[in-house]
Amino acid sequence: MYGEDRVDMDSTLLPDSKTIEILHIDDDSSFADLVATFLERERDSFSVHTETDPEAALERLEMRESAFDCVISDYEMPGLDGLELLARVRETHPDLPFILFTGKGSEEIASEAITAGVTDYLQKAGGTEQYRVLANRVQNAIERYWAERYLNRGLEAIETAQDGIGILSNEGYIEYANAAYADLLGYEREELVGLHWEALYHEDDIDRVYDVLIPDARDGRWHGTTSFVRKDGTELEVEHTLSYTDDDSLICTFTPPTRADGTTTNLSAKEQAMDEAPIGILLTDPHQTDNPIIYANDEFTELTGYEKPEVIGRNCRFLQGRATEDDPIAKLRTAIDDREPATVELRNYRKDGTEFWNRVRIAPLFDDDGDLDLFVGFQDDITDQKLYEERLQSQASRLEAIFEHSPDMIAVHDIDGGIRGVNQRLCEELGYTREELLDRDVWDLDPTADPDRSRAFWESLPPNTPQRFEGKLERKDGSTFPIEIHIIRLDLDGDDRFFAIDRDISEQVGRERELVQQNERLDRFASVVSHDLRNPLQVAGGHLELLREDCHSDHIDEISDALGQMETLIEDLLLFAQAGEETMDIEPVRLPAILRSCWETISTENATLRVETERTLRADHDQLYQLLSNLVQNAIEHGGPDVTITVGDTETGFFIADDGPGLPETDGAEIFNAGYTTAADGTGFGLNIVKEVAERHGWDITATNEQRGGARFEIELE
């Protein structure tokens, strides 16, 4: 099939000289200009108008002088996305072709676009081939749009025809009447609809209708003269035809009275409808050898690319080719042999060799004596419909594969909780067969589910809106495990269905339980440090000051220094505990700003800070502040009062270096161990806190010496 690759440039329902006006909306102006260039190169008849603002596009669409044949739109745009724009367009242009041409492609978006009524959906790709595909999609969409307009013209022709045309139900009640039908009988159309045909005949003629006209119509067709009774009681004699359709509707047509010169007031409605019909029509003569074509309408030549002289006298098989299947051809031959109607769908070929899907409907036509006269055939290009069906089938197959082979457990249930579908993973996890699960309700598997509350929750759940909560599943052996449930309500062919995707969170729950226990231990540790140790220490410090007033001893200063070191140790221990306890609040943080904030709170004396970075990183602000403060303070303590500290970028992070004496000759990783220190009054927790904060962010930190001297700490963010 040509579908995505070919379009019949000679087959079009558009007026020959018409320029096709296309409105393209894409917020990337460069790409929009490129699309316009390629589309206009693909089709001389295309004229592409570009807008980068969806709101401006809507205003342009509503301008009286702007008459567009098609809209092409991106999906992700500021203000309105493609589907929101579609909804706005459909408010005022319900039938205008709208093609979603988007770089964001997924089964979900495609399904949502189709549900929203998009005419076609195409995902952007690399290369220029996509523009030829897009041009084909636009051409096909506009062909269908104009075909519907021509169909409306055909219906208009029936509506304005001088022949009376009516459609009656199988029970004989009028379901439709054109204006001529009502006028000739002297009724308003509203009065005729629902009226039984018996009201239009003399009582003496009703039996003849039942005994002759209707049986002949069921056998093929009845044609003759009828005397109708008008509303005012007068009689109307007409040439009258009756025939039945496949759905058992009765088609009633009659010709108005003739003028004095013997001519009718207009062409017959059947001839007019055939001339205006938006589908191909053929008449064949079954009495001649090989049932040749004796008539073809203009639409047939447009559809196939053959001129009428090339068609007349040939059998319809000249449209067949290598991909034409045997079964539909055999069905048509049988119908012709049995003088019966038939409908098939098959691949045919145009004159230029391009493939198209053709819906062929044939029916025998009988003369007034009931003998076979002709066969009529209707040809309808359904290529786009077939491609759409194939895409839907492909999508359905992929969705089914995703459903069946998903690593998550999936169940589908109705609004009463009855399980309607399960995937293999759910069967394996619970130890049931598929048949056993389909015989159960949701609360048979989830011991936390209450039927009444669950039904109320499902009733209130808005469609197409995922919800998340936690529950439990019970295995066949009675054991249970915690799950995270994602549920969504969908309308499937008018039925409410709930898709529940379940994920085993046993490990997560275990980790959370361990974290809670760890935090409890940290809370107890912090309590001991902050209260049980600090209070006695403050008591000792107070008595030491009293002792200093009572006596003079060199030992008092040494005791005071020891108590001060213990106070510093307690502060570091509290910071260490809190670093592992606090919840992370990740946000963008500008490194230069937080460095200067640290510098303002540290006693720097003659030290210098050089900030050679403009980096912004994602981090918890308070914990990053603590990390930087500890590293800067460490540089000042070990580098001296006039130390210079430099902060700059590496390929994957940043560094903090000083020009002090550098790190001792030891393993660089050892200095981050809790309790490690080279200072007489150090606690050994400062750099350990730095490492703890880095690891909580997923960063790596290393310590080395600069070649020219001084310590260097590097934090790798990636």
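Keep in mind the model is a prediction, meaning the values are calculated, not measured.
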| task | Test ring-ring contact (aromatic ring centres under 6.0 Å, His included) on Phe68 and His93 and set out the steps. | result | CA-CA 10 Å; Phe68 292 103; His93 299 77; 9.1 Å; no
| Residues Tyr201, Thr226; criterion side-chain contact (heavy atoms from CB on, under 4.5 Å); working and verdict | CA-CA 9 Å; Tyr201 283 83; Thr226 293; 3.3 Å; yes
| task | Check step by step if side chain to side chain donor-acceptor pair (under 3.5 Å) holds for Glu237 and Thr225. | result | CA-CA 7 Å; Glu237 187 169 309; Thr225 302; 5.2 Å; no
| query | Under the side-chain contact (heavy atoms from CB on, under 4.5 Å) criterion, do Phe101 and Gln123 qualify, and how do the steps go? | reply | CA-CA 6 Å; Phe101 185 40; Gln123 186 176 352; over 6 Å; no
| said: Go through it in stages, so that I can follow the logic: the residues are Phe318 and Tyr306, the test is ring-ring contact (aromatic ring centres under 6.0 Å, His included), and I'd like the CA-CA distance, side-chain angles, deciding distance and then a yes or no. | reply: CA-CA 11 Å; Phe318 74 90; Tyr306 290 94; 5.0 Å; yes
| request: I would like to know whether Ile362 and Val376 meet side-chain contact (heavy atoms from CB on, under 4.5 Å); could you show each step before the answer? | output: CA-CA 6 Å; Ile362 64 169; Val376 61; over 6 Å; no
| request: Please assess Ile72 against Ile25 for the test side-chain contact (heavy atoms from CB on, under 4.5 Å), listing each intermediate value before the final yes or no. | output: CA-CA 6 Å; Ile72 305 171; Ile25 306 104; over 6 Å; no
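Atom CD of Glu310 has more than 12 neighbouring heavy atoms from other residues, nucleotides or ligands inside a 6.0 Å radius. The number of heavy atoms from other shown groups lying within 6.0 Å of CD (Glu235) is above 12. In this structure, Asn170 places its CG atom where more than 12 heavy-atom neighbours from other residues, nucleotides or ligands lie under 6.0 Å away. No more than 12 heavy atoms of other residues, nucleotides or ligands shown are found within 6.0 angstrom of CG on Asp326.
Between Tyr181 and Phe254, the angle of the ring planes lies from 30° to 60°, which puts this pair in the tilted group.
In this structure, CG in Asp120 is found 8.0 Å from CG in Asn140, a value given to the nearest 0.5 Å. Atom CD1 of Ile142 is separated from atom CZ of Arg137 by 14.0 Å, given to the nearest 0.5 angstrom. Between the CZ atom of Phe98 and the CG atom of Leu23 there is a distance of 9.0 Å, given to the nearest 0.5 Å. Taking CG of Asn291 as the start and CZ of Phe375 as the end, the distance is 7.0 Å to the nearest 0.5 Å. Considering CD1 of Ile312 and CD1 of Ile294, their distance stands at 8.0 Å, rounded to 0.5 Å. The structure places CD of Glu129 at 4.0 Å from CZ of Arg132, a figure rounded to the nearest 0.5 Å.
A donor-acceptor pair shorter than 3.5 Å can be found between the side chains of Asp285 and Gln288. Under the 3.5 Å distance criterion, with hydrogens and angles disregarded, a donor-acceptor pair is assigned to the side chains of Thr92 and Glu62. Between the side chains of Thr241 and His223, at least one donor N or O lies within less than 3.5 Å of an accepting N or O. Using modelled atom types, one finds no donor on one side chain facing an acceptor on the other under 3.5 Å when comparing Ser47 with Glu40.
Counting heavy atoms from C-beta outward, Val35 and Asp26 have side chains that stay 4.5 Å or more apart. Using a 4.5 Å heavy-atom threshold, the side chains of Leu192 and Tyr176 count as separate. Counting heavy atoms from C-beta outward, Thr19 and Ser45 have side chains that stay 4.5 Å or more apart. Taking the side chain as every heavy atom from C-beta outward, Gln379 and Val360 approach each other to under 4.5 Å. Arg361 is listed as a side-chain neighbour of Asp380, based on a closest heavy-atom distance under 4.5 Å. Contact annotation: the side chain of Tyr121 approaches that of Thr102 to within less than 4.5 Å [non-hydrogen atoms, C-beta and beyond]. At a threshold of 4.5 Å between non-hydrogen side-chain atoms, the residues Val138 and Glu42 do not count as touching. Using a 4.5 Å heavy-atom threshold, the side chains of Asp69 and Ile22 count as separate.
The existence of a salt bridge linking Arg317 and Asp290 is confirmed by a sub-4.0 Å separation between a basic side-chain nitrogen and an acidic carboxylate oxygen. Using a cut-off of 4.0 Å between Lys/Arg side-chain N and Asp/Glu carboxylate O, Arg60 and Glu51 are scored as salt-bridged.
Across all their heavy atoms, Arg230 and Asp183 have their closest contact at NH1-O, 3.8 Å. Smallest separation of non-hydrogen atoms from Asp298 and Thr301: O-OG1, 2.6 Å. In terms of heavy atoms, Asp232 sits closest to Thr234 at OD1-OG1, 2.6 Å. The minimum heavy-atom distance linking Lys308 with Ala296 is given by the pair CE-O, 3.1 Å. Heavy-atom minimum distance, Ser243 versus Gly220: CB-O, 3.9 Å. For Pro54 against Met77, the heavy-atom pair with the smallest separation is CG-CE, 3.8 Å.
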Which atom pairs, donor and acceptor, lie under 3.5 Å between side-chain atoms of residues 204-214 and protein residues at least two apart or in another chain?
residue, atom, partner, partner atom, Å
Tyr210, OH, Glu198, OE2, 2.5

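The only option from Asp373, Leu365, Ile293 that meets the side chain to side chain contact (heavy atoms under 4.5 Å, CB included) definition with Leu283 turns out to be Leu365. Of the candidates Arg359, Lys386, Arg350, Asp381 forms a salt bridge (charged side-chain N to carboxylate O under 4.0 Å, His left out) with just one, namely Arg350.
Using modelled atom types, one side-chain atom of Thr324 and one backbone atom of Arg347 make a donor-acceptor pair closer than 3.5 Å. A donor-acceptor pair under 3.5 Å is formed between the side chain of Asp81 and the backbone N or O of Leu83. Distance alone, capped at 3.5 Å, is enough to place a donor-acceptor pair between the Glu191 side chain and the Glu188 backbone.
Cation-pi geometry between Arg218 and Tyr244 is met: the NZ or CZ atom falls under 6.0 Å from the ring centre, inside 45° of the normal.
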